[in-house]
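Written out below as structure tokens is the structure these notes cover.
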Amino acid sequence: MSRMFVPGPVDVAPEVFAAMSKPVLPHRSKEYEAIYQRAAKKCEDLFYTKYRVFIGTHSGSGMQETGIRNLVQKDVLCCVNGAFSDRWYEVATSNGKQADKLEAEWGKAIEPEQLREALKKKHYEAVTIVHNETSTGCESPVKELCAVVKEVSPDTLIMVDAVSSLAGTKIEMDAWGIDFLLTSSQKCIALPPGLSLAGTNDRALEKAKTVENRGWYFDLLIMEEYRIKNSTAMTSAVTLVYGLDFQLDRIFAEGLDKRFARHAAMSKRVYDWSLERGMEPFADPKRLSKTVATIKNTRELDISKLNAFLLERNMRIANGYGSLKNKTFRIATMGETQMEDVEKLLSSIDDFMK
Ligand SMILES: *Cc1c(COP(=O)(O)O)cnc(C)c1O
């Protein structure tokens with residue numbers, strides 16, 4: 001019974017809360033280290049990587065900063081096509097890096113040809129790409145973009161933010177050649193907010209060794225030093241890691257491919273519903289997100305009134321992001337959400353429109 005059709009934080013299953021309500025263990029104890037190691041191993045399967053996944057005690061934005069501070073000494077190319085990709089650019093410049101923007105109109109993806117041209121003009125140490133722009137409901141063709149980087153500028157590292165899609169859509173870190181892949185706990189993984197995960201390959205760690213002023217809290221080399229001892233340099237978010245350990249079992253019990261298919265079917269249902277009612281998706285039809293549908297509000301629904309109406313039925317959706325407020329609305333179909341929840345939501349919106 002999912003209620004929150006917002007793109008994070010999402011509903012958390014009661015069983016997950018129960019798994020988290022265990023006595024807090026010291027983070028430097030054999031018992032905790034065993035749980036931590038087990039959870040980290042399962043994360044590797046979720047990321048389709050043979051390398052490693054760091055578990056951060058902060059939200060996903062901290063991993064955007066980690067990537068910038070560790071993998072870029074000077075030049076980085078930021079693919080910007082919405083609010084979260086633009087934030088990554090700001091993270092880069094505010095950390096003193098020379099970031100260039102490669103831009104696409106909101107709702108469009110950066111296409112492979114566009115990236116090819118940019119990489120031919122100038123050499124970059126790294127590129128940043130947001131896989132699923134939560135502000136516009138647009139999915140980037142990350143696999144194809146990675147192939148372009150490998151072809152034109154093979155030593156350029158690839159950083160991907162998959163905060164609103166990893167665990168909801170298939171993203172194969174090693175096969176696609178992503179060097180640094182990040183996500184947060186409170187979206188498709190359906191845990192409470194507070195954890196972030198970053199798949200990091202050997203090439204990324206080698207690069208970090210050459211980068212100055214990595215800081216301390218976000219230093220990948222310190223993280224690695226402790227990770228191999230099944231621990232963290234600072235206090236771990238112990239109860240959230242219990243939840244992660246438990247939730248990953250639930251995710252694998254469902255089966256990753258089944259889970260991805262469930263999300264694709266639910267988002268398609270939302271798009272079909274909106275088109276039937278004369279409202280188009282905001283994003284490029286060939287790049288539609290499978291976890292958050294962003295719909296043009298061409299029927300000029302009063303979104304705050306709609307949400308007040310939905311709240312009486314214990315549900316809520318998200319308004320458009322930033323300047324897209326009221327011009328669009330967003331229906332996320334992440335985490336625990338099931339098709340029957342989506343049907344209930346859509347029929348309630350129909351009731352509101354009557
Ligand atoms: C939510 C979101 C973020 C920010 O993540 P936090 O966990 O809130 O720091 C970054 N990128 C994308 C694509 C997001 O959807």
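- Smallest separation of non-hydrogen atoms from T136 and F282: O-CD2, 3.7 Å.
- Summarising the hydrophobic clusters (Ile, Leu, Val, Met, Phe, Trp, Tyr; side-chain heavy atoms under 4.5 Å, direct or chained), the residues clustered with Y89 are V80.
- Applying the side chain to side chain donor-acceptor pair (under 3.5 Å) test to E33 and every residue at least two apart in sequence or in another chain returns K30.
- Between K41 and E44, at least one side-chain nitrogen of the basic residue sits less than 4.0 Å from a carboxylate oxygen of the acidic one, meeting the salt-bridge criterion.
- S85 and E133 share a side-chain donor-acceptor pair at under 3.5 Å.
- Relative to the six-membered ring of Y48, K143 misses at least one condition, a distance below 6.0 Å or an angle of at most 45° to the axis.
- Residues N201 and T49 are not in side-chain contact: their nearest non-hydrogen atoms beyond the backbone lie 4.5 Å or more apart.
- Looking only at distances, a side-chain donor or acceptor of D174 sits under 3.5 Å from a matching main-chain atom of K50.
- In terms of heavy-atom proximity, A283 sits nearest to G137 at CB-O, 3.4 Å.
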- Task: Give the C-alpha distance, both sets of side-chain angles, the deciding distance and a yes or no for side-chain contact (heavy atoms from CB on, under 4.5 Å) between T57 and T235.
- Result: CA-CA 8 Å; T57 301; T235 312; over 6 Å; no
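- Side-chain atoms of D219 come within 3.5 Å of backbone atoms of L221 as a donor-acceptor pair (strictly under, hydrogens ignored).
- Shown here is E280, whose CD atom has no more than 12 heavy atoms of other residues, nucleotides or ligands within 6.0 Å.
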- Query: So R203 and E206, salt bridge (charged side-chain N to carboxylate O under 4.0 Å, His left out) or not? Walk me through it.
  - Reply: CA-CA 5 Å; R203 204 164 82 121; E206 285 308 310; over 6 Å; no
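- At a threshold of 4.5 Å between non-hydrogen side-chain atoms, the residues D179 and K207 do not count as touching.
- The minimum heavy-atom distance linking K344 with R313 is given by the pair NZ-O, 4.3 Å.
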- Message: Please evaluate residues F180 and L220 with respect to the criterion side-chain contact (heavy atoms from CB on, under 4.5 Å), reporting the C-alpha separation (whole Å), side-chain torsions for both, the decisive distance (0.1 Å), and the verdict.
- Response: CA-CA 11 Å; F180 187 77; L220 286 174; 4.2 Å; yes
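- The backbone N or O of E343 lies less than 3.5 Å from a partner atom in the side chain of S347, making a donor-acceptor pair.
- The two residues L244 and A39 make their nearest non-hydrogen contact at CD2-CB, 4.2 Å.
- Residues I171 and I178 meet the side-chain proximity criterion, which asks for heavy atoms closer than 4.5 Å.
- Under a 4.0 Å N-O distance rule, the pair R52/D202 qualifies as a salt bridge.
- Linking Ile, Leu, Val, Met, Phe, Trp and Tyr whenever their side-chain heavy atoms come within less than 4.5 Å puts M223 and I68 in one cluster.
- Formation of a donor-acceptor pair under 3.5 Å by the T156 side chain with backbone atoms of Y124 is found in this model.
- Contact detail for V12 and P192: the closest heavy-atom pair is CG2-N, 3.6 Å.
- The only member of V163, I189, L197, L166 that meets side-chain contact (heavy atoms from CB on, under 4.5 Å) when paired with S184 is V163.
- Taking CD of Q186 as the reference point, atom CE of M334 lies at 9.5 Å (rounded to 0.5 Å).
- Put simply, I158 and F84 are part of two different groups of oily side chains (I, L, V, M, F, W, Y) that touch within less than 4.5 Å, one to the next.
- By the 6.0 Å contact criterion, NZ on K325 is open, its count of non-hydrogen atoms from other residues, nucleotides or ligands being 12 or less.
- Nearest approach of N319 to T328, heavy atoms of both residues: OD1-O, 3.3 Å.
- Residues V72 and V211 are not in side-chain contact: their nearest non-hydrogen atoms beyond the backbone lie 4.5 Å or more apart.
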- Query: Yes or no on side-chain contact (heavy atoms from CB on, under 4.5 Å) for I251 and K42, after CA distance, side-chain angles and deciding distance?
  - Reply: CA-CA 10 Å; I251 289 175; K42 291 176 203 169; over 6 Å; no
- Message: Using the rule given for salt bridge (charged side-chain N to carboxylate O under 4.0 Å, His left out), can you reason through E224 versus K209, listing the C-alpha separation, both sets of side-chain angles and the distance that settles it, and then say yes or no?
- Response: CA-CA 12 Å; E224 177 66 357; K209 288 180 188 161; over 6 Å; no
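- For the pair E125 (side chain) and D75 (backbone), a donor-acceptor distance under 3.5 Å is present.
- S348 contributes no side-chain N or O that, together with a main-chain N or O of L310, makes up a donor-acceptor pair within less than 3.5 Å.
- For the pair K268 and Y271, the cation-pi criterion (under 6.0 Å, within 45° of the ring axis) is not fulfilled.
- Side-chain atoms of S289 come within 3.5 Å of backbone atoms of T291 as a donor-acceptor pair (strictly under, hydrogens ignored).
- There is a side-chain donor-acceptor pair under 3.5 Å between Y32 and S236.
- In this structure, R330 contributes its side chain and F5 its backbone to no donor-acceptor pair below 3.5 Å.
- A 4.5 Å side-chain heavy-atom check between S185 and Q247 finds every atom pair outside the cut-off.
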- Residues K170, D257; criterion salt bridge (charged side-chain N to carboxylate O under 4.0 Å, His left out); working and verdict: CA-CA 8 Å; K170 193 169 199 170; D257 287 330; 3.7 Å; yes
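- For the residue pair N132 and T169, no side-chain donor N or O sits within less than 3.5 Å of a side-chain acceptor on the partner.
- Here the side chains of I35 and L25 are in contact, with some heavy-atom distance below 4.5 Å.
- Connection of L182 to L71 is established within a shared hydrophobic cluster, with ILVMFWY side chains joined at heavy-atom distances below 4.5 Å, either directly or through further cluster members.
- By the criterion of side-chain heavy atoms lying less than 4.5 angstrom apart, applied directly or through intervening Ile, Leu, Val, Met, Phe, Trp or Tyr residues, V152 is grouped together with L115 in one hydrophobic cluster.
- Ring geometry for F218 versus H58: interplanar angle over 60°, hence perpendicular rather than tilted (30 to 60°).
- The main-chain N or O of G278 is found under 3.5 Å from a side-chain atom of T298 such that the two form a donor-acceptor pair.
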- Query: Run the salt bridge (charged side-chain N to carboxylate O under 4.0 Å, His left out) check on D284 and K108 step by step: do they pass?
  - Reply: CA-CA 5 Å; D284 180 346; K108 300 236 157 55; over 6 Å; no
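- The shortest side-chain heavy-atom distance between W216 and M234 falls under the 4.5 Å cut-off.
- Hydrophobic clustering (ILVMFWY, side-chain heavy atoms < 4.5 Å, transitive): F54 and V238 are in distinct clusters.
- Under the 4.5 Å side-chain criterion, counting only non-hydrogen atoms from C-beta, W273 is in contact with M279.
- Between the side chain of R69 and the backbone N or O of N213, at least one donor-acceptor pair lies under 3.5 Å.
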- Message: Show, in sequence, the C-alpha distance, side-chain angles and deciding distance for K290 and F260, and conclude whether the side-chain contact (heavy atoms from CB on, under 4.5 Å) test is met.
- Response: CA-CA 9 Å; K290 297 179 194 79; F260 303 148; over 6 Å; no
